[in-house]
Amino acid sequence: MASAKVSEVVVEGYDKYRSYIWGEGEKNTVWRFGAPPTYDIVNKLFEEGRTQEWAVGTLEEKVQRLLKSWEMEIFHKVRPQDFKTLNPETFTSSINGRPAAKLENVLGIGGYNAFLQTTLPVNLRAYDPSQETSESSQLVFRGTFPRGFAIEVLEVYSDAPVIVYKFRHWAYMEGPFKGHAPTGELVEFYGTAIFTLDESMKLEKVEIFYDPSVLLGQLLKGPLLDVGEASITSTTTSGCPFLRS
């Protein structure tokens with residue numbers, strides 16, 4: 001295994017797997033939902049469903065912490081100056097080879113919408129990111145996945161400054177999705193990502209490769225609900241917007 005070059009910042013706080021939520025460095029952070037997110041529910045899902053358990057200090061554990069911390073910031077922080085995992089002035093991200101987007105563009109449309117960009121005709125879109133805001137997209141997926149959407153690093157192929165790794169994302173579809181009934185089944189997909197770090201060990205470029213149809217296809221398996229039932233189910237499963245991720 002290559003030596004672990006990824007910088008590790010240990011923050012006294014309430015999350016075992018993510019940095020930059022709690023502590024002195026976050027006292028002025030502006031949070032999208034008004035308060036720091038809590039990950040107790042999704043951490044339980046992660047610990048029960050992960051296929052790898054990386055020892056603290058290994059390269060894989062550090063990359064996984066960086067991934068989870070970056071995801072947390074993308075979904076929950078609203079001001080570029082509050083980001084700690086990346087360089088807000090130079091950062092770009094791209095999904096499946098699409099044109100790279102700057103941080104302000106990602107924050108403008110929201111994490112789920114950024115990850116689910118598509119060139120499909122509007123009438124063929126199971127999920128249309130152009131019709132969702134950052135907040136509405138999070139409510140959609142939190143309603144669909146009440147226990148959260150867990151992620152793990154499966155393999156790390158190269159060390160910093162260009163980190164290439166394989167990941168797995170999973171959840172249980174226990175709420176409706178765009179009018180489709182919950183199935184209660186495991187929903188999962190795999191992908192590969194490249195993290196490019198600058199000289200200060202901040203993310204400068206993120207490239208993610210996965211098949212969105214694998215995710216969306218699993219969410220459309222349930223039968224269509226009638227309008228009234230879909231509305232009631234969505235309302236009762238969404239819950240507090242910043243208690244899950």
Side-chain angles (χ1 to χ4, degrees), residues 10-23 26 29-54 56 60-61 63-78 82 84-85 110-116 127 132-154 167-178 180-191 210 215-216 218-219 221-222 230 232-245:
V10 179
V11 178
E12 294 293 327
Y14 301 91
D15 195 277
K16 292 184 288 185
Y17 306 109
R18 297 164 186 83
S19 302
Y20 314 123
I21 303 177
W22 310 95
E26 304 307 321
T29 294
V30 175
W31 298 98
R32 184 172 298 278
F33 295 104
T38 58
Y39 284 89
D40 294 346
I41 295 173
V42 75
N43 284 349
K44 185 173 186 292
L45 177 68
F46 168 71
E47 290 171 351
E48 292 174 346
R50 62 187 168 187
T51 62
Q52 306 290 338
E53 186 170 355
W54 305 116
V56 175
E60 291 85 357
E61 186 271 337
V63 172
Q64 185 168 265
R65 172 173 283 274
L66 177 59
L67 167 61
K68 289 176 179 286
S69 299
W70 170 72
E71 262 203 347
M72 176 276 297
E73 291 194 313
I74 287 292
F75 280 89
H76 291 281
K77 293 183 178 180
V78 297
D82 292 333
K84 310 297 192 304
T85 60
Y112 283 114
N113 293 330
F115 296 142
L116 289 167
Y127 176 88
E132 302 286 348
T133 66
S134 177
E135 287 75 15
S136 71
S137 67
Q138 293 204 43
L139 289 175
V140 167
F141 283 95
R142 284 179 178 137
T144 303
F145 303 140
R147 285 190 280 162
F149 204 2
I151 192 167
E152 68 173 334
V153 165
L154 298 176
F167 66 87
R168 170 179 171 251
H169 233 320
W170 77 98
Y172 286 88
M173 189 189 179
E174 296 165 325
F177 178 79
K178 293 297 180 180
H180 287 264
T183 64
E185 296 179 357
L186 173 69
V187 173
E188 65 181 342
F189 67 89
Y190 297 81
Y210 79 106
L215 168 63
L216 295 173
Q218 295 173 84
L219 299 180
K221 291 172 64 176
I232 292 171
T233 307
S234 178
T235 301
T236 57
T237 58
S238 60
C240 183
F242 60 81
L243 292 180
R244 305 182 183 93
S245 178

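Hydrogens, waters and symmetry mates are skipped; everything else that's a heavy atom, side chains included, is used. The structure displayed is predicted, hence computed values, not measured ones.
- Each of Val30, Thr85, Asp82 was checked for a side chain to side chain contact (heavy atoms under 4.5 Å, CB included) with Lys77, and the lone residue meeting it is Asp82.
- For an aromatic pair to be called close, the ring centres must be under 6.0 Å apart, and Phe46 with Tyr17 satisfies this.
- The main-chain N or O of Thr38 is never found under 3.5 Å from a side-chain atom of Asp15 such that the two would form a donor-acceptor pair.
- Contact between Trp54 and Leu154 at its shortest, heavy atoms only, is CZ2-O, 3.3 Å.
- For Gln218, the side-chain hydrogen bond (donor to acceptor under 3.5 Å, both in side chains) criterion is met by no residue, not counting sequence neighbours.
- Tyr20 has its side chain out of reach of Thr29: every pair of non-hydrogen atoms, C-beta onward, lies at least 4.5 Å apart.
- No donor-acceptor pair closer than 3.5 Å links the side chain of His169 to the backbone N or O of Tyr190.
- To the nearest 0.5 Å, the span separating CG on Leu219 from OH on Tyr127 amounts to 11.0 Å.
- Between the side chain of Ser69 and the main chain of Leu66, no donor-acceptor pair closer than 3.5 Å is present.
- Here the closest non-hydrogen pair linking Tyr210 and Gly191 is CB-CA, 4.1 Å.
- Checking each of Phe149, Phe141, Tyr112, Trp31 against Phe75 for a ring pair (Phe, Tyr, Trp, His ring centres under 6.0 Å) leaves exactly one that passes, namely Tyr112.
- One distance of note links CZ of Arg32 with CD of Gln138; it measures 6.5 Å at 0.5 Å rounding.
- Here the CE atom belonging to Met173 is positioned 9.5 Å from the NZ atom belonging to Lys221, to the nearest 0.5 angstrom.
- A search for salt bridge (Lys or Arg N to Asp or Glu O under 4.0 Å) contacts involving Arg168 returns Glu152, Glu188, not counting sequence neighbours.
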Hey, mind stepping through Thr144 and His180 against side chain to side chain contact (heavy atoms under 4.5 Å, CB included) and telling me if it holds?
CA-CA 10 Å; Thr144 303; His180 287 264; over 6 Å; no
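- Partners of Lys68 according to the salt bridge (Lys or Arg N to Asp or Glu O under 4.0 Å) rule, which considers only residues two or more places apart in sequence or in another chain, do not exist here.
- Between the side chain of Arg50 and the main chain of Val153, no donor-acceptor pair closer than 3.5 Å is present.
- Nearest heavy atom pair, residue Phe33 against residue His76, reads CD1-ND1, 4.1 Å.
- Here the closest heavy-atom approach between residue Ile74 and residue Gly111 is recorded as CG2-CA, 4.0 Å.
- Between Pro36 and Ile21, the shortest heavy-atom contact is CB-CG2, 3.7 Å.
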Show, in sequence, the C-alpha distance, side-chain angles and deciding distance for Glu60 and Gln52, and conclude whether the side chain to side chain contact (heavy atoms under 4.5 Å, CB included) test is met.
CA-CA 10 Å; Glu60 291 85 357; Gln52 306 290 338; over 6 Å; no
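- Glu174 and Arg147 are joined by a salt bridge, as a carboxylate oxygen and a charged side-chain nitrogen come within less than 4.0 angstrom of each other.
- In this structure, Gly175 and Pro146 approach most closely via the heavy-atom pair N-CD, 4.1 Å.
- Here Glu71 does not pair with Arg18 in a salt bridge; the nearest charged N to carboxylate O distance is not below 4.0 Å.
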